[in-house]
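A quick write-up on the structure given underneath.
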There are 2 protein chains.
Amino acid sequence: MATQTAAQRRDEARVAYDAYLAGCPARELLDTISDKWVSLILNALSGGPLRYSDLGRVIAGISQKMLTQSLRSLERDGLVSRTVTPSVPVRVDYALTDLGQDLQPVMMAIKSWAEGNIEQVRSAREAYDARLAS
Amino acid sequence: MATQTAAQRRDEARVAYDAYLAGCPARELLDTISDKWVSLILNALSGGPLRYSDLGRVIAGISQKMLTQSLRSLERDGLVSRTVTPSVPVRVDYALTDLGQDLQPVMMAIKSWAEGNIEQVRSAREAYDARLAS
DNA sequence: CCGTATCCCGTGAGATACTG
DNA sequence: CAGTATCTCACGGGATACGG
């Protein structure tokens, strides 16, 4: 159940599924994890478990609806665990599962790339838009 | 303009932008590259330039509209180049730019992860759905 | 061959209000 | 605190037809 095991599974199954194929389950999974909120949530949980309200605070601008909806989806897919502490008021913690921790570095890479290359993209956009205006 | 230069820029700008913040340009860029079609297109171009019709064939199920729309967006963001050969009929080739090649490994990692872990996700879903039915 | 243009429907997603 | 429930609207995105 360690990361190595997950890596082994990945190698073995690499040829079994092909996200290029429409209707392939891998295509659908790629669609669900290629989501803005999913990447932000998985990255936010990389430092350890967080409560529902903490997630909403870290990920500025996310609505309750999208936060709950994304968390449910991640929980169903086995990427995030949900732990309820029956206190008053109730306390709910979300954490990465082993599978989620396996995916997290990839999501971090996307987020870091976006943050580190936004200026290149912006200047590329300006150049593109300027050429259209000519 | 090599990959190393891009990596240096990434390190320098890492703290300047934060995708957790709503309204931050990095958040918007994260949203655009966290897209199913974007990841499939960038991966498809990793082996070298492809023509428009080839892309449509490799990425099964993509509509003309989404293919054209995604390619325009990628071109504007400086991730993909578009080369027109004025023959009869006209020939158009799409290729990764240096910036696009810098991002491609990350997109490949997502696609590979989806293909390699879909079975884990499927069994997690079955377990989740079974618990709800009880 | 490589698109653009139009129509149209489903759903992604915010705002708001309410509950255990 | 941690959600659920509606309502609403904009837009993603497919189908189809046409143009250079």
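In what follows, chains are A, B, ... by sequence order, proteins preceding strands, each numbered from 1. Source: prediction; values computed, not measured.
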For nucleotides 4-6 of chain C, list the nitrogen or oxygen atoms of the protein found under 3.5 Å from its nitrogen or oxygen atoms, one pair per line.
from	atom 1	to	atom 2	distance (Å)
C/dT4	OP1	B/Arg72	NH2	3.4
C/dT4	O4	B/Gln64	OE1	3.2

Practice item. Please lay out, stage by stage, how A/Tyr17 and A/Leu29 fare under the test side-chain contact (heavy atoms from CB on, under 4.5 Å). Key: CA-CA 11 Å; A/Tyr17 294 98; A/Leu29 177 57; over 6 Å; no
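Between B/Ala19 and B/Arg27, the closest heavy-atom pair is O-NE, 2.6 Å. Scanning all heavy atoms of the two residues, the minimum distance from A/Ile118 to B/Ala26 falls at CG1-N, 4.3 Å. For the pair B/Val58 and B/Ala44, the tightest heavy-atom approach, listed with the atom from each and the gap, is CG1-CB, 4.1 Å. The two atoms that bring A/Asp102 and B/Trp113 nearest to each other are OD2-NE1, 3.0 Å, heavy atoms only. When all heavy atoms of B/Leu21 and A/Ala60 are compared, the pair lying nearest together is CA-CB, 4.3 Å. Nearest heavy-atom pair across A/Val38 and A/Thr32 is CG2-O, 3.5 Å.
C/dG3 atom P lies 10 Å from atom CG of B/Asp93, rounded to whole Å. Atom CH2 of A/Trp37 and atom C1' of C/dG12 are 12 Å apart (whole Å). When rounded to the nearest whole Å, the span between CZ of B/Arg27 and P of C/dA13 equals 12 Å.
Contact check on A/Arg122 versus A/Glu126 returns no salt bridge, with no Lys/Arg side-chain nitrogen under 4.0 Å from an Asp/Glu carboxylate oxygen.
Annotation: of the two residues near DNA chain C, A/Lys36 and A/Val90, the 5′-most nearest-nucleotide partner is A/Lys36. Annotation: of the two residues near DNA chain D, A/Asp31 and A/Arg91, the 5′-most nearest-nucleotide partner is A/Arg91. Nearer the 5' end of DNA chain D, as judged by each residue's closest nucleotide, is the contact made by A/Asp54, out of A/Asp54 and B/Ile62.
Between A/Ser63 and the phosphate of C/dA15, there is no side-chain N or O to OP1/OP2 separation shorter than 4.0 Å.
Taking the 5' to 3' direction, DNA chain D first and last meets chain A under 4.0 angstrom from a heavy atom at D/dC1 to D/dT4.
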